Trainee: 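Take this structure first; my questions come after.
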Protein chains: 4
Amino acid sequence: MSAFSITRRVEFGDTDMAGIMHFSNFFRFMEVAESDFLRSLGLCVSWVENGVKWGFPRVSAACDYAKPAKFQDVLTVAVNVEKVGKKSVSYSFAFSNQHGEALATGRITSVFCRATGSEQIEALEIPPHIRAKLEGQP
Amino acid sequence: MSAFSITRRVEFGDTDMAGIMHFSNFFRFMEVAESDFLRSLGLCVSWVENGVKWGFPRVSAACDYAKPAKFQDVLTVAVNVEKVGKKSVSYSFAFSNQHGEALATGRITSVFCRATGSEQIEALEIPPHIRAKLEGQP
Amino acid sequence: MSAFSITRRVEFGDTDMAGIMHFSNFFRFMEVAESDFLRSLGLCVSWVENGVKWGFPRVSAACDYAKPAKFQDVLTVAVNVEKVGKKSVSYSFAFSNQHGEALATGRITSVFCRATGSEQIEALEIPPHIRAKLEGQP
Amino acid sequence: MSAFSITRRVEFGDTDMAGIMHFSNFFRFMEVAESDFLRSLGLCVSWVENGVKWGFPRVSAACDYAKPAKFQDVLTVAVNVEKVGKKSVSYSFAFSNQHGEALATGRITSVFCRATGSEQIEALEIPPHIRAKLEGQP
């Protein structure tokens, strides 16, 4: 069962000449769901603390498409935390439309990182207080 | 060995606030590589013939990110046909930058379809002359 | 005074490496505001009726930027119908953030059109019942 | 007469359900033309020098659309420097397709800026050596 979901409308600019949402925009919708999920936990995909940039850049993203999403469809994107690893977190995303039809399933794995210098990013162990939130511990 | 590749520059609008190419834009680059590959064979991702719409909508897409792509990087995207199934074709995409560094690896599976009516799409067996081209037969 | 407005959050993917919303995305936000405004009137930016495609393609779009929109800002986009011409409608859009700061002002002019054949579009006079709605007549 | 132009193909992902390039993507094409033009002069839309961020953020952008750009069209975008002001530079952009048809005309005004602190940007007078390049002085 999903602990978190968002809804988002397919806008005209999200479609392509096939008359359906362009396949790349499912990843943008996943990002919105991921961001809103993190925000609901008091976390963020990217932030600055004591002059250091922290965040969760993605190391993998995937989507399987079953049915097209159409202009003006209001999609529900349900987020599940699949795994909290030492340095990474993996989500799955279930897309459905306003008729309850399953449209697509996505996956994103993000790594906890800090930017060191202007050009380097370094993966770090997820601190306990962030891990607890991601794991849904009260 | 890759039979086909494109180069494409990372534009300002392709970046995000992390200072690197947004992860969703790797899928747009893959699409350009797929389209150019099909065009090089005299095929297309979408076309109309005798009033019927034909094309190769995607049923899955994935990307693994190893290193970030930066503003003004000129990326090479090498395309390989991994498998030509009965109704689908699977590609892999290898991203590298102008320094020869491997950045990411992607995969797309597209299904040969025709649009029947304004709302329905139907998967079909890939015809022999298209299959031969995708398989690189002379 | 504005008769209609929407709110929309600046997502991570809307930003660029300058750390602010990419200037082109203001046009996407305007489109959402325009679409929602038309929907609130029972109209649409694009629809099919009796097998004919109707819609309001844009003939001009402009934006003046005063202050940047930042990641996670919740923007209000207020829509005003500036002019309903014989065949076109012009909107203005006022962008502000959650602090009430004015960020940008946009303008779009759309023309009432039908698609004739697969390749041609033809501008038409706006019918009285659509004109009345756009002009806010009860 | 235009001193500089680029060509760029309309990709599948640049189109919308009307079957033509989405109006917002003309601004992305203008940005590519602006960036390439600046690069041809040894300049950039955004760079870091001595730890300070410099660049040319846009203060206004506009486009008038005459004919649609279609999938696979190869657009020529000709850039003209319309005016080099004290702190700003204004460009015009003329879009045409591979048949020589004029499609659209755009305008962008960018301001010479430096980022002071993480949140502030400050407009500055364009230095003489940059002005000379923008004005096409040898």
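Treat the numbers as computed from the prediction; the structure is a model and nothing was measured. Proteins get letters first, then strands, A, B, ... in listed order; numbering begins at 1 in each.
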Trainee: Quick check for you: to the nearest 0.5 Å, what is the distance between C:Phe29 atom CZ and D:Ser24 atom OG?
Mentor: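 Separation between the atoms: 12.0 Å.
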Trainee: Heavy-atom pairs under 4.5 Å with chain D: which of C:Asn25, C:Asp64, C:Thr105, C:Ile20 has the most?
Mentor: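 When all of C:Asn25, C:Asp64, C:Thr105, C:Ile20 are compared, C:Asp64 has the most.
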Trainee: Taking every non-hydrogen pair under 4.5 Å, which of D:Met17, D:Lys53, D:His22 racks up the most with chain C?
Mentor: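 Answer, by heavy-atom pair count under 4.5 Å with chain C: D:His22.
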Trainee: So which residues of residues 30-49 of chain D are in contact with chain C at a heavy-atom cut-off of under 4.5 Å?
Mentor: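 Under the 4.5 Å heavy-atom cut-off, D:Glu31, D:Ser46 qualify.
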Trainee: Could I get the full list of salt bridge (charged side-chain N to carboxylate O under 4.0 Å, His left out) partners for D:Arg28, not counting sequence neighbours?
Mentor: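 Listed in chain order: nothing, the list is empty.
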Trainee: Any idea which heavy atoms bring C:Phe27 and D:Ala61 closest together, and the distance?
Mentor: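 C:Phe27 and D:Ala61 have their closest heavy atoms at CZ-O, 3.9 Å.
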Trainee: Measure C:Asp16 against the heavy atoms of chain D and call it side chain, backbone, both or neither at under 4.5 Å.
Mentor: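 Neither part; nothing is under 4.5 Å.
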Trainee: Can you see which heavy atom on D:Arg58 is nearest to which on C:Tyr65, and at what distance?
Mentor: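 So the minimum-distance heavy-atom pair works out to O-CD1, 3.6 Å.
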